[in-house]
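A short worksheet on the structure shown next.
Just so we're clear, the structure is a prediction, and the values are computed from it rather than from any experiment.
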Amino acid sequence: MSEHTWTHEQVVAIRSETDTLLEASAGTGKTTTVVGKILWQLGLDSGMAQENGELVPRCTDPCELQEIAAITFTDKGARDLKRQLRVAIEDSARADELRWQIDRAYIGTIHGYCGRLLRENALIFNIDPTFEQLDEFQARVEQDRIIEDVVLRSLQAGETHTESLLGELGNLHGRGRAKGVIDHIRDTVHELRWRAEFYSKWSDGKRLRSGHLRKLSRDFGEKDMRVLHRCDELFRLAKAVLPQWDEFLVAENARDFDSLILELHKQLHASENASALEKIRRRYRLLIIDEFQDTDVAQRDIAFAIGHGQTRPQLFFVGDPKQSIYAFRGADIAVWNSTKTALADSGSILKLSGNFRCAPPIVNFVNITSETAMGETGQALDADLAKARIQYSGLKAVRGDSSHSSVEWLRPDGELGRRKMLMGEFRDRQAAQVATRIQQLIETGQVHEKETDKPRKCELRDIAILYRARTGLESFTDKFDRYEIPHHVTGVRGLAKTQEALDLINALRLLNNPHDDRRAFAFLRSPFVCLRDEVIARLRLLSTEENAPLLTQAARFLGDVDSWPSAPEHERLGAIEKESLRRGLRVIRDLRDLVHR
């Protein structure tokens, strides 16, 4: 990275020495800038300034890797950051020394960081440092067990409100995407743990203050009353669950993800733990929080308790408020705005606006549409949620323009003759237009190759389709199949409905019952064996044992060389099918022996 060229905005961010809030839009080199910041903080050559071609001055007061903590939103984000940092360090003058020290820097999630600080300061916090950190699945199983017990006890006690809640929600456990009673109570428990202060104003400790909440609503009606009764019962049941969940965590010496953050928040703000704070401040010189737009109040307060207004560590928050999408996990975009206000006087409010990813026409299109959309939405928020309003920050294209970059608008006609088009018809025509345009691009289109800085022929790997929702996606996949356009769909939610999954499920059910001829027929036609229909028909019709299972008939048909139907497609197809059938039957036989183990 010593030869990397930075924009002026990136240089300012890398060299900042005060608490910093960096707004980094998509494609502006956010992760690369974070890596550059770490290298600079280590006193390494971090690259050249694009503005004047000179080397970025080294940090005059460098630190060590163990004095750096970088908090990412996901484990994947941590792995990506660590990988890029490792590559950059290998390219540095101190590679032989630092490559063995990378793991001394903390690069991980907020939960892992909180767990580390709790253990390292366990004596001061008066907790057992050997506590178990429950993963999300473990915590959910145990919490659901407690919730189910509370609900059943309430039903046994004849609580009519619980009966009504069960009747309204339909079932105890959720089905598919529909949440059940347990799911809603689990969500309420989460809310009570994270927003205890709010609920203390809206309740008497056992029930919601319905009169107070009704006064807060301008137009409170009968439907609202039914919803309020449901919320009140969820609140009552969740309040019964909370102490039992806390007791379970204490008895098992365990922490779930929520308690890791909430407990550290509590410990760091307790006056008797000031020595722990000082210890943490002495240890770290730089505390980075990535994806800060998805941070909640408790996480921000932890970072502020450690570094805000202190000589060390420097707080370095990075994110894009336009991409805040995790409100359901407690993220609050108002935290970004309040942090911006808090750092305005004593820190640095910076931004990265140079987009390296897209050509100028695309960047201009995004600026025009997004500024208008976010402006209109922001005006609607001003009356009640002004603190949650985000101003659009325009992007600048770093890449040069070329004759191959443009924004096109494909719009099917809204009518078929005089008849308005149905949604299904609209999607089909839209998909046909896209498929036709892709074929045109493959035949005559060109793209600008970044590596060679030269144009080349457009290929299928250069094309991506972003779809608004899963609904109607089959219109595109069907049209692409018809137009013979190779493609694959990523992140498919309906995994169980894909052909591969259906074939596998069918094979597993066949293992459970090898006498199921319907499953056997599907197995023989599937890619596991891939027999032609005429082969399956012949082995069935020529069998001397009419009542034998299809798999048994197929095994005996293997020995009848003369009965195998010819294959006009290719002379070797018959031999390939025989070997495929032999392998498929052997797999079924071998796996059947493992079913009851």
Side-chain angles (χ1 to χ4, degrees), residues 69 71-80 82 103 106-122 125-154 169 171-196 234-235 237-268 290-291 294-296 298-299 302 325-331 491 493 495-496:
I71 296 172
T72 59
F73 192 67
T74 63
D75 289 321
K76 181 181 180 298
R79 289 193 298 270
D80 290 342
K82 185 173 287 189
D103 289 333
Y106 178 82
I107 301 177
T109 64
I110 182 64
H111 306 104
Y113 185 65
C114 291
R116 169 180 283 202
L117 293 186
L118 286 171
R119 288 188 174 94
E120 290 177 348
N121 298 277
F125 295 155
N126 194 27
I127 61 174
D128 185 343
T130 64
F131 63 81
E132 177 189 3
Q133 185 170 318
L134 302 177
D135 62 32
E136 193 170 3
F137 176 76
Q138 289 175 304
R140 180 167 180 160
V141 168
E142 295 295 341
Q143 198 171 78
D144 283 0
R145 178 181 58 79
I146 294 174
I147 293 172
E148 183 175 4
D149 182 65
V150 168
V151 173
L152 293 178
R153 286 178 181 274
S154 182
L169 298 178
N171 53 75
L172 194 62
H173 300 275
R175 294 177 182 173
R177 294 185 181 180
K179 291 186 175 183
V181 172
I182 289 178
D183 301 303
H184 283 285
I185 295 175
R186 187 191 320 112
D187 292 342
T188 308
V189 169
H190 177 81
E191 283 286 306
L192 292 178
R193 296 177 79 186
W194 283 88
R195 295 175 173 82
L234 288 171
F235 176 84
L237 293 170
K239 288 290 287 186
V241 168
L242 261 177
Q244 294 188 41
W245 179 241
D246 290 338
E247 289 172 8
F248 168 82
L249 293 177
V250 172
E252 297 295 325
N253 190 28
R255 304 289 190 281
D256 63 353
F257 284 171
D258 286 347
S259 58
L260 287 170
I261 297 173
L262 293 172
E263 183 169 356
L264 182 63
H265 180 274
K266 176 184 175 182
Q267 297 285 7
L268 293 183
D290 192 14
E291 304 294 355
D294 293 318
T295 297
D296 54 54
Q299 295 174 33
I302 288 173
I325 58 174
Y326 287 98
F328 66 93
R329 288 189 179 180
R493 287 184 180 176
L495 180 62

Taking all atoms of both residues into account, what is the closest heavy-atom pair of Leu172 and Val151, and its distance? CD1-CG1, 3.7 Å

Calculate, to the nearest 0.5 Å, the distance between atoms CG and CD1 belonging to Leu192 and Ile185 respectively. 11.0 Å

Kindly indicate, with the supporting measurements, whether the criterion side chain to side chain contact (heavy atoms under 4.5 Å, CB included) is fulfilled by Asn121 and Gln267. CA-CA 10 Å; Asn121 298 277; Gln267 297 285 7; over 6 Å; no

Under a 3.5 Å distance rule, please check whether Ser154 uses its side chain to pair with a backbone N or O of Val150 as donor and acceptor. no

Please find the pair of heavy atoms, one from Leu118 and one from Ile127, that lie closest to each other, and give the distance. O-CD1, 3.7 Å

Please determine which of Asp183, Asp135, Asp256 meets the salt bridge (charged side-chain N to carboxylate O under 4.0 Å, His left out) test together with Arg140. Asp183

Return the CG to CG distance between Leu117 and Leu264, rounded to the nearest 0.5 Å. 5.5 Å

The side chain to side chain donor-acceptor pair (under 3.5 Å) partners of Asp144 (sequence neighbours excluded) come to Arg186

Report the relative orientation of the aromatic rings in Tyr106 and Tyr113; use parallel for angles under 30°, tilted for 30 to 60°, perpendicular for over 60°. tilted

Does the side chain to side chain contact (heavy atoms under 4.5 Å, CB included) test come out yes or no for Leu134 and Leu249, once each step is laid out? CA-CA 10 Å; Leu134 302 177; Leu249 293 177; 4.1 Å; yes

Search all heavy atoms of Ile110 against all heavy atoms of Ile71 and return the closest pair with its distance. N-CG2, 3.5 Å

Considering all heavy atoms, the nearest Ala298-Trp194 contact: CB-CZ3, 3.5 Å

Main-chain N/O of Gln133 paired with Arg255 side-chain donor or acceptor, under 3.5 Å: no

Evaluation steps, side chain to side chain contact (heavy atoms under 4.5 Å, CB included), between Arg193 and Trp245: CA-CA 11 Å; Arg193 296 177 79 186; Trp245 179 241; 3.4 Å; yes

Does this structure show an ion pair linking Asp103 with Lys82, if we count only N-O contacts that are shorter than 4.0 Å? yes

Note: Ile107 and Ala78 closest approach over all heavy atoms is CG2-O, 3.7 Å

Taking all non-hydrogen atoms of both residues, which atom of Leu260 and which atom of Phe131 are closest, and how far apart? CD2-CE1, 3.8 Å

Salt-bridge test for Lys76 and Asp80: reply yes if a basic N is under 4.0 Å from a carboxylate O, no otherwise. yes

Nearest-0.5 Å distance, CG of residue Asp128 to CZ of residue Arg119: 9.5 Å

List the steps, then state whether side chain to side chain contact (heavy atoms under 4.5 Å, CB included) holds for Asn253 with Glu132. CA-CA 6 Å; Asn253 190 28; Glu132 177 189 3; over 6 Å; no

Atom pair CZ (Arg79) and OG1 (Thr72), whose distance is rounded to the nearest 0.5 Å: 9.5 Å

Would you give the length of the straight line joining atom CG of Asp246 to atom CD1 of Ile146, rounded to the nearest 0.5 angstrom? 9.0 Å

Ionic contact status for Arg153 with Asp149, cut-off 4.0 Å: yes

Determine, for Glu142 against Arg145, whether the closest basic-nitrogen to carboxylate-oxygen distance falls under 4.0 angstrom. yes

Quick one: CG on Leu262 to NZ on Lys266, what's the gap to the nearest 0.5 Å? 10.5 Å

